[in-house]
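Heads up: the structure comes next, in structure tokens.
Labels below follow one simple rule: chain letters A, B, ... track the order of the sequence lines, proteins then strands, and each chain is numbered from 1.
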Amino acid sequence: MAKQYWLVKQEPSTYPFDKLVEERTTSWDGVRNYQARNNLQAMKKGDRVLYYHSGAGPEVVGICEVVRAAYPDPTTDDEGWVSVELKAVKRLKKPVTLEQIKREPSLAGMALLRQSRLSVQPVEQDEFARVEQLGGGRAL
DNA sequence: GCCAACGTTGGC
DNA sequence: GCCAACGTTGGC
């Protein structure tokens, strides 16, 4: 199956991208929203993920990769919730701010803009490539 | 701190 | 099944 692309949102005060870089991988658990859960379940090993800091100065700061597909969320006994394992791939040379994304016509369709509260969301391949490019990286 | 968007809960 | 109340998220 073709590689899929995603975006995960996190408050930097809770778990900054730097922490993920430091720990190399982390369990993306504690998600308690059905739509976000469905997205977690659809993730496959090897999928690429944009790491977004919400809160003050919201921006995409890095890229990670799914290293383990959905498994039962260890933070709850409830069977209904899942988590995935994420690995830090790289920090963007320049973070891509929400403001930049809003200004970029090719990114107008991003779920980030249309569904601001969704914490795990799908990203189109061309959107992912554009964000990576804006961040100072090469396009895929 | 405020407000908009949206999810959840509970009464009916 | 509808809707009001309430809670949470997240941008500003």
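In this structure, CG of L112(A) is placed 16 Å from P of dA5(B), rounded to the nearest angstrom. The CD atom of Q115(A) sits 19 Å away from the P atom of dA4(B) (whole-angstrom rounding). For the pair N33(A) CG and dA5(B) P, the computed distance is 18 Å after rounding to whole Å. Spacing between atom CZ of R32(A) and atom P of dT9(B) amounts to 13 Å, rounded to whole angstrom units. As rounded to whole Å, 14 Å separates atom C1' of dC12(C) from atom CD of E11(A).
Using a 4.0 Å heavy-atom distance criterion, L98(A) is classed as a sugar-phosphate-only contact.
Contact check, K9(A) against dG10(C): a side-chain N or O comes under 4.0 Å of OP1 or OP2.
A cation-pi arrangement is absent between R48(A) and W6(A) under the rule of less than 6.0 angstrom and at most 45 degrees off the ring axis.
Of the candidates dG11(C), dG10(C), dT8(B), dT8(B) carries the atom nearest the Y34(A) side chain, counting heavy atoms from C-beta on.
Using the six-membered ring where Trp is involved, Y5(A) and F128(A) have ring planes that are tilted, between 30° and 60° apart.
When side chains are defined from C-beta on, L7(A) does not count as touching V49(A), because their heavy atoms never get closer than 4.5 Å.
Interatomic distance, CG of L98(A) versus CG of L113(A), reported as 6.5 Å (0.5 Å rounding).
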